[in-house]
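All remarks here apply to the structure that follows.
This chain uses plain numbering: 1 for the first residue, then up along the sequence. Start at 1 and go down the list; that is how both ligands and their atoms are numbered.
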Amino acid sequence: MDVQRIAIVDPSDVTREPLRNLLLGIESVWLEAECSRYEFFIDVARQSVPDLVVIALDADHSKAMQLIQQLTMEFVGLPILAVSSRGDGQSILQALRAGAKEFLTAPVVLEELLLALNRLRSSRLSVSADGTVVSSGGGPRADSVVISVIGSRGGVGSTGLAVNLGCNLAQDQNNSVALVDLDLALGDADVALDLIPDYTLADVALNIERLDMTFLKRSLCKHDTGLSVLPHPVQLEDISLIHEEHLGRLIGLLRASYTHLVFDLSKRFTPTDMTAMRMSDSILLVAQLELTSLRNVVRMLHTLSQDGDLADKVKVIMNRVGSDDGGEITLAKAEETIGRPVYWQIPNDFKAMVGSRNAGVPLLTHAPKSKAQAAIMGLANALSGKSAPEAPKKERRSFFSFK
Ligand SMILES: Nc1ncnc2c1ncn2[C@@H]1O[C@H](COP(=O)(O)OP(=O)(O)O)[C@@H](O)[C@H]1O
Ligand SMILES: [Mg+2]
């Protein structure tokens, strides 16, 4: 869901605080600005260009009405939500006539606030000259692509895929990509990219209440490829700081500023793993052509199918295809076992993969011409809708030989 960037004005601390806390608890809300003077708010709005403004009326009804009129004139179509403890017909009517789109009675109840925000969100859609429906205002990006990567057993290649997928996606100038290491205990995305983080997920969780864009951006480590990385906590005891609500909010916020999010998950179906998968568009389930892995794919698909539509989002990625250890199960047999087609194959490429991992450099720098890099770049393109997954699949089938 897109983030709504909100600015609020309320001269009274007593009513502003609870309203602010309520807004902060909503995953899809980004509190862009807070103001305690009606007179200053127009400037605040000019600077922060919010998607929506909340105006508390009670401190000074006539100043508030004036402000609403001013905002309506200067920011045509900017949704205004008025809040007052005076829920009488007269004040509601006044606020609406001045230009407010919605009115809520204080103290504001979360459910009503959510409904009002939703109505205002849909009212932001407007029709452009050529008749297409567009979202007005230069707010957050429309649809970020959210991808979870999870392994069907240890060492199957999920971190390698998450890291290299992130780096490849970041090559496109139009993309801004963040990788979040959610393998909270044993994650090693930072090692794979030779990053020494200043901040980790634990810092973000500790500061989740007052999280703002500046803090969030500073918490992510920028890699040379352009990929931003949020590493797992350094101290194992800090893992307990990270709750799924934190993650829900964090993901909501990251979606506002990145076009692509990639999560490297643990393999333990923790509450944070589940939250990440629920908030993902695709779940890349990494497998290999051997029995333990394939059996786990079946078990994992079964578990995920019991949680809403999670299994529908799964794309099985077959890693290390063509490894010459002799015991490899055929692709056809694997597809039969797991009961669905394999979405993408990554060839066994020991030299490139292990070399790149040991050097702490992604494939596109370490082994740009390797088969593994080509396969992962193809996957990145397919996930970005740049090429249909069907076409390259046929090609690959004939290119690699399967027993
Ligand atoms: N396609 C591949 N070909 C060869 N080795 C690979 C391939 N993918 C991953 N590996 C190697 O397998 C090991 C485990 O990979 P990793 O990504 O850490 O797995 P996971 O995160 O699932 O535990 C690493 O040493 C990695 O370099
Ligand atoms: Mg890993």
One should read off an interatomic distance between Leu114 CG and Arg119 CZ, to the nearest 0.5 angstrom, of 10.5 Å
Any idea which part of Ala372 is under 4.0 Å from ligand 1, heavy-atom wise: side chain, backbone, both or neither?
neither
Is any side-chain heavy atom of Leu383 closer than 4.5 Å to one of Leu165?
yes
Counting heavy atoms not belonging to Gln173, are there more than 12 under 6.0 Å from its CD?
no
Take Arg218 and Asp198 through the test salt bridge (Lys or Arg N to Asp or Glu O under 4.0 Å) and record every step on the way to the result.
CA-CA 9 Å; Arg218 204 175 57 203; Asp198 292 324; over 6 Å; no
Could an N or O of ligand 1 be found under 3.5 Å from any N or O of Ile346, whether backbone or side chain?
no
Contact (N/O only, under 3.5 Å) between Leu161 and ligand 1
no
Validation row: Leu179, His223 side chains within 4.5 angstrom (heavy atoms):
no
Using heavy atoms and a 4.0 Å limit, tell me yes or no: is Ala192 in contact with ligand 1?
no
Can an N, O or S atom be found in Ser158 less than 2.8 Å away from the Mg ion (ligand 2)?
no
Atom 3 (N) of ligand 1: closest protein heavy atom, distance to 0.1 Å, is Asp349 N, 2.9 Å
Side chains of Lys313 and Ser148: donor-acceptor distance under 3.5 Å anywhere?
no
Nearest-neighbour protein heavy atom for atom 12 (O) of ligand 1, which is reported as residue plus atom name and distance:
Arg320 NH1, 3.8 Å
Do Ser219 and Asp203 get their side chains close enough for a donor-acceptor pair, meaning under 3.5 Å?
no
Taking 4.0 angstrom as the limit and counting only heavy atoms of Lys267, give me the atoms of ligand 1 inside it, by number and element.
20 (P), 21 (O), 22 (O), 23 (O)
Val354 heavy atoms, cut-off 4.0 Å: which ligand 1 atoms fall inside?
27 (O)
Would you mind reporting whether Leu19 and Thr15 have side-chain heavy atoms less than 4.5 Å apart?
no
Verify the distance criterion only: is there a donor paired with an acceptor across the side chains of Thr270 and Asp273 at less than 3.5 Å?
yes
For a salt bridge (Lys or Arg N to Asp or Glu O under 4.0 Å) check, start with the C-alpha distance between Glu290 and Arg153, then their side-chain angles and the critical distance, and finish with the verdict.
CA-CA 11 Å; Glu290 54 81 24; Arg153 63 160 169 73; 2.6 Å; yes
Any N/O pair Gly160/ligand 1 closer than 3.5 Å
yes
Give the residue, atom name and distance (to 0.1 Å) of the protein heavy atom nearest atom 19 (O) of ligand 1.
Gly157 N, 3.0 Å
Rounded to the nearest 0.5 angstrom, the CD-CD distance for Glu32 and Gln47 is 11.0 Å
Nearest heavy atom to atom 22 (O) of ligand 1: which of Ser158, Gly154, Ser356, Ser323 does it belong to?
Ser158
At under 4.0 Å between heavy atoms, which part of Asn319 makes contact with ligand 1: side chain, backbone, both or neither?
side chain
Please indicate, with yes or no, if any protein heavy atom is found under 4.0 Å from atom 6 (C) of ligand 1?
yes
Yes or no on side-chain contact (heavy atoms from CB on, under 4.5 Å) for Phe263 and Ile150, after CA distance, side-chain angles and deciding distance?
CA-CA 8 Å; Phe263 305 133; Ile150 186 165; over 6 Å; no
Starting from atom 14 (C) of ligand 1, what is the nearest protein heavy atom, named by residue and atom, and what distance separates them?
Gly155 O, 3.6 Å
Should the proximity of Arg357 to ligand 1, defined as any heavy atom under 4.0 Å, be assigned to the side chain, the backbone, both, or neither?
side chain
Any protein heavy atom at under 4.0 Å, with atom 24 (C) of ligand 1 as the reference point?
no
Answer yes or no: does an N/O atom from Asp188 fall short of 3.5 Å to an N/O atom of ligand 1?
no
What atoms of ligand 1 come closer than 4.0 angstrom to any heavy atom of Asn348?
3 (N), 4 (C)
